[in-house]
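What follows is a short report on a single structure.
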Amino acid sequence: MDRPYIHINCASTLDGKIARPDGSRLRISGEHDMERVHRLRAEMGAILVGADTVINDDPKLIVKEKFVPDPPELTKIILDGKGRIPASSRFLRTKGTSLIATSESCSGEWFENITEAIEHEDLDAEVIMLPCVNDVFDLSKMLEELNGMKVESVLVEGGSVTISQFVSKGLFDIMTIYYGPMLIGGSGPTIMDRDGISGVDIEDVQRTYEGGILLTIRPSNISR
Ligand SMILES: NC(=O)c1ccc[n+]([C@@H]2O[C@H](COP(=O)([O-])OP(=O)(O)OC[C@H]3O[C@@H](n4cnc5c(N)ncnc54)[C@H](OP(=O)(O)O)[C@@H]3O)[C@@H](O)[C@H]2O)c1
């Protein structure tokens with residue numbers, strides 16, 4: 001399958017949590033790791049997150065100038081099968097094209113709200129309808145479409161459900177996990193709350209300046 005290069009990146013506590021127990025944002029990365037993430041974003045053509053990351057964190061999905069001078073614009077891709085992200089989301093109003101992938105399961109009201117915001121505010125955004133089975137898109141088909149749009153690389157930043165889908169289907173080339181020095185406990189979202197794969201190659205383990213660990217993983221026995 002022709003697809004863009006996929007890098008999955010996330011930050012986790014040492015007990016595998018990527019957010020607080022109530023799903024709200026947990027600052028795991030220090031400044032040094034944030035710089036790594038923004039430099040990584042700057043090398044990629046697109047950044048992709050799931051709907052609940054937008055709903056919980058309201059991220060801007062940009063490359064910050066404080067980390068990368070003259071930052072490039074990213075294509076921002078949101079997976080939102082049922083159409084739940086608010087039209088007020090911040091990423092819609094930051095630099096770069098936004099692609100909101102949804103399906104026929106989205107409500108007419110949501111579709112109207114989001115397309116109205118795009119038209120009235122002249123936002124650089126597009127809602128793409130994808131065929132779904134049980135409310136889930138075929139990610140391979142979506143990636144083929146991105147390939148057709150000349151998106152050469154995608155940084156998948158989460159959350160848990162989204163990472164699980166890419167990993168369980170072997171749709172990644174490299175995964176980096178920054179483990180921050182904290183053990184938060186509780187029942188918050190983990191790196192992958194859904195299906196995974198058995199067998200990955202650990203390519204590198206680095207101790208960071210901020211007392212964390214940066215783990216680099218590659219899929220094993222999975223050919224592109
Ligand atoms: N520490 C980190 O690095 C990091 C990074 C990002 C996020 N987070 C945290 O992660 C949490 C959110 O993660 P999450 O697992 O709850 O949700 P998520 O992965 O952000 O979003 C899941 C939703 O995305 C949509 N989606 C994903 N794949 C899809 C597909 N193939 N087809 C159709 N829709 C698809 C679905 O929305 P519909 O239900 O609308 O279909 C699904 O319910 C937040 O607490 C956030 O703070 C942490």
Side-chain angles (χ1 to χ4, degrees), residues 3 6-30 33-34 36-38 40-41 47-61 76-87 89-91 99-107 109-111 113-114 127-146 154-172 175-182 184 186-196 212-215:
R3 64 157 174 85
I6 299 174
H7 187 136
I8 302 173
N9 181 70
C10 70
S12 168
T13 64
L14 293 175
D15 53 329
K17 307 293 191 306
I18 61 167
R20 293 184 188 282
D22 64 358
S24 61
R25 191 162 173 265
L26 173 66
R27 177 80 194 243
I28 298 169
S29 294
D33 192 56
M34 286 314 296
R36 176 190 66 84
V37 172
H38 282 264
L40 177 60
R41 285 181 177 182
I47 184 168
L48 180 149
V49 295
D52 286 299
T53 295
V54 171
I55 293 164
N56 281 297
D57 300 355
D58 197 10
K60 289 186 184 161
L61 304 178
K76 299 158 278 180
I77 304 159
I78 314 301
L79 304 185
D80 190 9
K82 297 194 199 72
R84 294 182 296 119
I85 61 157
S89 300
R90 291 197 299 181
F91 77 89
L99 301 176
I100 304 152
T102 193
S103 73
E104 285 179 353
S105 306
C106 77
S107 72
E109 190 189 350
W110 174 84
F111 186 80
N113 280 345
I114 208 109
V127 180
I128 318 171
M129 284 284 176
L130 293 176
C132 262
V133 177
N134 298 331
D135 289 337
V136 176
F137 320 126
D138 180 343
L139 288 179
S140 323
K141 291 230 166 67
M142 191 200 72
L143 291 169
E144 272 175 33
E145 260 190 47
L146 290 177
V154 178
L155 179 64
V156 176
E157 286 204 358
S160 179
V161 169
T162 300
I163 293 177
S164 285
Q165 291 196 28
F166 278 88
V167 170
S168 62
K169 292 181 178 67
L171 291 171
F172 71 108
M175 179 167 178
T176 40
I177 306 173
Y178 171 75
Y179 284 97
M182 50 182 93
I184 190 172
S187 56
T190 68
I191 298 169
M192 289 180 16
D193 284 340
R194 302 278 170 90
D195 292 349
I213 295 166
L214 182 64
L215 195 62

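Counting convention: from 1, in listed order, for ligands and their atoms alike. Since the structure is predicted, the reported quantities are computational estimates derived from the model, not experimental observations. These values consider heavy atoms only, across backbone and side chains, with no hydrogens, waters or symmetry-generated copies.
Each of the following atoms of ligand 1 lies closer than 4.0 Å to a heavy atom of Gly50: 18 (P), 20 (O), 21 (O), 24 (O). Near Val161, with a cut-off below 4.0 Å to any heavy atom, the atoms of ligand 1 are 15 (O), 19 (O), 22 (C). Taking every heavy atom of Gly23 and a limit of under 4.0 angstrom, the matching atoms of ligand 1 come to 44 (C), 45 (O), 47 (O). For ligand 1, the atoms lying closer than 4.0 Å to a non-hydrogen atom of Leu79 are 24 (O), 25 (C), 26 (N), 27 (C), 28 (N), 29 (C), 35 (C). Under a 4.0 Å criterion applied to the non-hydrogen atoms of Thr162, ligand 1 contributes the atoms 18 (P), 19 (O), 21 (O), 27 (C). Within the listing of ligand 1, atoms 45 (O), 47 (O) sit less than 4.0 angstrom from a heavy atom of Ala19. Atoms of ligand 1 found under 4.0 Å from any heavy atom of Glu157 (numbered from 1 in listed order, with element): 5 (C), 6 (C).
Here atom 21 (O) of ligand 1 lies nearest to Asp52 when heavy atoms of Thr190, Asp52, Leu130, Leu48 are compared. Scanning Lys82, Met142, Arg20, Arg84 for the heavy atom closest to atom 36 (C) of ligand 1 points to Arg84. When the heavy atoms of Ile191, Val133, Asn56, Asp57 are ranked by distance to atom 47 (O) of ligand 1, first place goes to Asp57. Closest heavy-atom approach to atom 8 (N) of ligand 1 within the set Ile18, Asn134, Val156: this belongs to Ile18.
The nearest pair of heavy atoms linking Asp193 to Ser164 is N-OG, 3.6 Å. Contact record, Tyr178 with Pro181: OH-CD, 4.0 Å, taken as the closest heavy-atom pair. Closest approach of Thr13 to Ile28, counting heavy atoms only: N-CD1, 4.0 Å.
Polar contact check, Leu139 against ligand 1: no nitrogen or oxygen pair lies under 3.5 Å apart. Among the atoms of Ser24, none of the N or O lies under 3.5 angstrom from an N or O of ligand 1. An N or O contact shorter than 3.5 Å is missing between Val136 and ligand 1 by distance. Taking any N or O of Cys10, backbone or side chain, none lies under 3.5 Å from an N or O belonging to ligand 1. On a distance-only criterion, Asn9 and ligand 1 share no N/O pair closer than 3.5 Å. For ligand 1, the polar-atom distance check finds no N/O of Ser12 at less than 3.5 Å from any of the ligand's N/O atoms.
Of the protein's non-hydrogen atoms, the one nearest atom 11 (C) of ligand 1 is Pro189 CG, 4.1 Å. Summary of contacts: the protein heavy atom closest to atom 28 (N) of ligand 1 is Gln165 NE2, 3.2 Å. Protein heavy atom in closest approach to atom 12 (C) of ligand 1: Thr53 OG1, 3.6 Å. Nearest to atom 24 (O) of ligand 1 among the protein's heavy atoms is Ala51 N, 3.1 Å. For atom 3 (O) of ligand 1, the closest non-hydrogen atom of the protein is Ala11 N, 2.8 Å. Looking from atom 34 (N) of ligand 1 to the surrounding protein, the closest heavy atom is Gly81 N, 3.3 Å. Atom 14 (P) of ligand 1 has as its closest protein heavy atom Ser160 N, 3.8 Å.
Between the side chains of Asn9 and Thr176, at least one donor N or O lies within less than 3.5 Å of an accepting N or O.
Side-chain contact between His7 and Leu40 is present, with heavy atoms from C-beta onward closer than 4.5 Å. Side-chain contact check for Val161 versus Pro189: every heavy-atom pair is 4.5 Å or farther apart. Using a 4.5 Å cut-off on side-chain heavy atoms (C-beta onward), Leu171 and Ser140 make contact. In this structure, Leu48 and Ile6 have side chains that are not in contact, with every pair of non-hydrogen atoms separated by 4.5 Å or more. Using a 4.5 Å heavy-atom threshold, the side chains of Trp110 and Thr102 count as touching. Looking at Leu130 and Lys141, their side chains never come closer than 4.5 Å, going by heavy atoms from C-beta outward.
Atom CZ of Arg90 has more than 12 neighbouring heavy atoms from other residues, nucleotides or ligands inside a 6.0 Å radius.
Exactly one of Leu99, Val127, Leu61 qualifies for a side-chain contact (heavy atoms from CB on, under 4.5 Å) with Ile78. That residue is Leu61.
Atom CG of Leu214 is separated from atom OH of Tyr179 by 10.5 Å, given to the nearest 0.5 angstrom.
Salt bridge annotation for Asp52-Arg84: present, with a cationic side-chain nitrogen under 4.0 angstrom from a carboxylate oxygen. Using a cut-off of 4.0 Å between Lys/Arg side-chain N and Asp/Glu carboxylate O, Lys17 and Asp15 are scored as salt-bridged.
Contact annotation: Asp193 has no heavy atom less than 4.0 Å from any atom of ligand 1. For the ligand labelled ligand 1, residue Asp80 lies inside the 4.0 Å heavy-atom shell.
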